[in-house]
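These notes are about the structure you will find just below.
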2 protein chains.
Amino acid sequence: MLSLSKKIDYALLALSYLAHKPYRAANTKEIAEEYALPVELLAKILQKLAKAEILVSTSGPTGGYRLLLAPEKISVGAIVDIIEGRPALVQCMRSDSHSCDQIQKCTIRTPLMRVNARMLDMLDEISLAEICKDETESHLVTIPLLVRS
Amino acid sequence: MLSLSKKIDYALLALSYLAHKPYRAANTKEIAEEYALPVELLAKILQKLAKAEILVSTSGPTGGYRLLLAPEKISVGAIVDIIEGRPALVQCMRSDSHSCDQIQKCTIRTPLMRVNARMLDMLDEISLAEICKDETESHLVTIPLLVRS
DNA sequence: CTATATCCGACTAATCTAATCGGAGATGAT
DNA sequence: ATCATCTCCGATTAGATTAGTCGGATATAG
Ligand code: FES
Ligand code: FES
C-alpha cells in the first residue's frame with residue numbers, strides 16, 4: 001500500500017538509463033541486462049512509454065528507444081499515469097470510477113479527495129531529471145531530504 | 001498502487017464515527033453496521049488501534065471503544081503506521097528492509113528516498129480532525145499532530 | 001533472406017489483501 | 001453463579017492485484 005509498482009520502478013530505471021545516453025538508441029535487452037530486469041516485462045513498459053510519446057522507438061536491428069523529451073519536462077506523475085493509470089487513494093477516486101461499497105454513508109470522501117489531490121500534485125512536481133541525478137550530486141538538490149525521528 | 005488499503009479506509013471511517021461520539025463507548029458491531037463493514041475485519045482493526053493507544057477498549061456488555069486522543073492530535077500517518085506499517089514506495093525502503101533485486105545497480109534510490117520522505121510528511125500533516133470534518137467545513141485546517149514515533 | 005528489433009494480446013504464476021473462522025478471556029446484568 | 005455480550009488473537013481461506021511468461025505479428029538494417 002502506498003507503494004510504487006515494480007513496473008513504475010523499472011520505468012524510472014529505464015528512463016534514467018536513457019537520459020544518460022541521449023545520443024543513441026538503446027534497445028530493451030540492453031537496458032534489461034543493465035539492471036537485471038525481466039526483458040518481456042520491460043519491453044511492454046517501454047512500448048507504453050513510446051505510445052505515450054515519452055520515448056520514440058525505431059524497429060529492426062540497430063533499433064531501440066530514445067528519450068523524446070528533456071528529463072526536466074517529464075514528471076513522475078505522468079509516468080505513473082501512463083503505466084498504471086492515475087493513482088487513487090480509494091476506489092471511488094479512480095478514473096474507471098467503481099465506487100466504494102460505503103459511498104452511501106461515507107463521511108470521509110471529501111477530505112480524502114483533498115489528500116488525493118495533494119499526492120497527485122506531489123508526483124507531478126517531481127521531474128525525471130530529479131530522479132536521474134546520481135548519488136554523488138544528490139546532496140545539491142534544492143528540496144532537502146527530511147530525516148524522520 | 002499508491003492507494004490506501006481497505007483496512008485504512010475502514011479505520012478512518014470508524015475513527016471518524018468515534019470522533020463524533022466522544023461521550024460513550026461504541027462497540028464493533030455498531031460501527032460495522034453503520035457503514036456496512038465486515039465485523040470481524042473491523043474488530044481486528046480496532047484492536048490494533050487500541051493496542052497502539054489511539055483507542056481505549058472496555059470489555060463485556062456495554063463495552064466498546066472510545067477515542068483516547070483528540071482528533072487534532074492523531075495523524076493519518078500514525079494510523080497507517082499502526083495498521084499496515086510505515087509505507088514505502090519501494091521494497092528497499094520498508095522497515096523490514098528486504099532490498100530490491102536491483103539495488104546493486106540502482107541509480108534512483110536516493111532520489112526516491114526523498115520522494116518517500118515527502119509522502120510520509122504529507123500523511124503526518126493530515127489530522128484525523130481534518131478527515132472528520134464534513135463537507136461544509138472541510139476548507140478549514142488544523143495544526144498539531146501525533147507524529148510517527 | 002535473415003537476424004534482430006519493436007509490438008501486442010492472452011496467459012500463468014506469485015504475491016498481497018480482504019474476509020472468515022474458532023475459540024479464549026473479560027465483565028456487566030440477572 | 002451463570003449467562004449473554006463484548007474484546008481479543010491466531011490461523012485459515014478466498015479473492016484481487018501484480019509480476020512475469022509465451023506465442024506470434026510487423027518492421028528494417030545488413
Ligand atoms: S472513500 Fe470512497 S466512498 Fe468513502
Ligand atoms: S529502489 Fe530499491 S534499489 Fe532501487
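Order of the sequence lines fixes the chain letters, A, B, ..., with proteins taken first and strands second; residue numbering starts at 1 for each chain. Computed over heavy atoms, backbone and side chain alike; hydrogens, waters and symmetry mates excluded.
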Subject >> Atom of A:Pro87, atom of A:Met119 and distance for their closest heavy-atom approach >> reply: CB-CE, 4.1 Å
Subject >> side chain to side chain donor-acceptor pair (under 3.5 Å) against B:Ser16, all qualifying residues, sequence neighbours excluded >> reply: A:Thr107
Original post:
Considering residues at least two apart in sequence or located in another chain, which fulfil the side chain to side chain contact (heavy atoms under 4.5 Å, CB included) criterion with B:Glu30?
Top reply: B:Tyr17, B:Arg24, B:Ala26, B:Asn27
Subject >> Inter- and intrachain pairs under salt bridge (Lys or Arg N to Asp or Glu O under 4.0 Å), touching residues 72-86 of chain A, at least two apart >> reply: A:Asp81-A:Arg86
Original post:
How does protein contact run along nucleotides 17-30 of chain C, one letter per nucleotide 5' to 3', with B for base contact, S for sugar-phosphate only, - for none, heavy atoms under 4.0 Å?
Top reply: SSSB-----BBB--
Subject >> Whole-Å gap separating P (C:dG9) and NZ (A:Lys48) >> reply: 10 Å
**OP:** Could you list the residues that satisfy salt bridge (Lys or Arg N to Asp or Glu O under 4.0 Å) with A:Glu125, not counting sequence neighbours?
**Re:** B:Arg118
**OP:** Would you please name every residue forming a side chain to side chain contact (heavy atoms under 4.5 Å, CB included) with A:Lys44, sequence neighbours left out?
**Re:** A:Gln47
Original post:
What residues, two or more places apart in sequence or in another chain, satisfy side chain to side chain contact (heavy atoms under 4.5 Å, CB included) together with B:Lys51?
Top reply: none
**OP:** Shoot me the first and last contacting nucleotide of DNA chain D against chain A, ordered 5' to 3', at under 4.0 angstrom to non-hydrogen atoms.
**Re:** D:dA19 to D:dA29
Subject >> For B:Ala14, all residues meeting side chain to side chain contact (heavy atoms under 4.5 Å, CB included), sequence neighbours excluded >> reply: B:Ile31, B:Leu42, B:Leu46
**OP:** Enumerate the residues from residues 22-34 of chain A whose closest heavy atom to DNA chain C is under 4.0 Å, giving them by residue number; use none for an empty result.
**Re:** A:Asn27, A:Thr28
Subject >> Linked hydrophobic residues, A:Leu68 as query - side chain contacts closer than 4.5 Å >> reply: A:Val56
Original post:
In the hydrophobic clustering that connects Ile, Leu, Val, Met, Phe, Trp and Tyr at side-chain heavy-atom distances below 4.5 Å, which members other than A:Val39 occupy its cluster, ordered by chain and number?
Top reply: none
